[in-house]
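Accompanying notes for the structure given below.
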Amino acid sequence: MKIDEIDTASPEQLAPILHAALQRLGQLGRTGAVALAALVGDDDADFDEASGWIEDIASGGLRR
């Protein structure tokens with residue numbers, strides 16, 4: 001998938017890409033976190049929404 005296709009991608013298309021990207025950021029540790037943080041604005045409501053869902057998943061929730 002190309003970055004310019006993200007706006008029209010379905011959840012089923014995005015989920016495996018996000019999963020792989022999050023795993024890689026986890027492997028990179030703090031360096032990966034800092035790189036992501038540089039992209040996130042203080043008032044990024046969409047990021048805040050998504051990070052809340054990811055937190056739910058990470059804690060074992062949101063399973064079908």
Side-chain angles (χ1 to χ4, degrees):
M1 174 178 295
K2 296 176 184 171
I3 289 178
D4 62 349
E5 297 172 333
I6 288 176
D7 287 342
T8 59
S10 70
E12 291 78 15
Q13 292 171 310
L14 285 175
I17 294 167
L18 177 60
H19 182 242
L22 287 172
Q23 284 183 319
R24 181 63 182 138
L25 284 172
Q27 292 167 356
L28 294 169
R30 186 178 196 292
T31 304
V34 169
L36 179 58
L39 300 175
V40 179
D42 290 338
D43 59 348
D44 191 336
D46 291 331
F47 180 84
D48 291 343
E49 174 77 13
S51 65
W53 289 113
I54 291 170
E55 185 178 337
D56 287 347
I57 293 166
S59 69
L62 204 65
R63 304 282 184 212
R64 291 189 187 240

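For clarity, every value in this text was computed on a predicted model and none was experimentally measured. Note: hydrogens, waters and symmetry copies are ignored here, and every other heavy atom, side chains too, is used.
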Throw together a table of side-chain donor-acceptor distances under 3.5 angstrom for residues 44-52, partners on residues two or more places apart or in other chains.
| residue | atom | partner | partner atom | Å |
| --- | --- | --- | --- | --- |
| Asp44 | OD1 | Asp46 | N | 3.3 |
| Asp44 | OD1 | Phe47 | N | 3.0 |
| Glu49 | OE2 | Trp53 | NE1 | 2.8 |
| Ser51 | OG | Phe47 | O | 3.2 |
| Ser51 | OG | Asp48 | O | 3.0 |

Exercise for the section: Please name the pair of heavy atoms, one in Ser10 and one in Gln13, separated by the smallest distance, quoted to 0.1 Å. Expected result: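 Looking at all heavy atoms of both residues, the shortest contact is N-OE1, 2.8 Å.
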Handout entry: Interatomic distance, Ile6 atom CD1 to Ile17 atom CD1 [nearest 0.5 angstrom]
Key =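 That separation rounds to 7.0 Å.
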Return all side-chain donor-acceptor pairs below 3.5 angstrom for residues 19-31, not counting sequence neighbours, or 'none' if the list is empty.
| residue | atom | partner | partner atom | Å |
| --- | --- | --- | --- | --- |
| Arg24 | NH1 | Gln27 | OE1 | 3.1 |

Exercise for the section: Under the side chain to side chain donor-acceptor pair (under 3.5 Å) rule, collect the residues that match up with Glu55, sequence neighbours excluded. Expected result: none
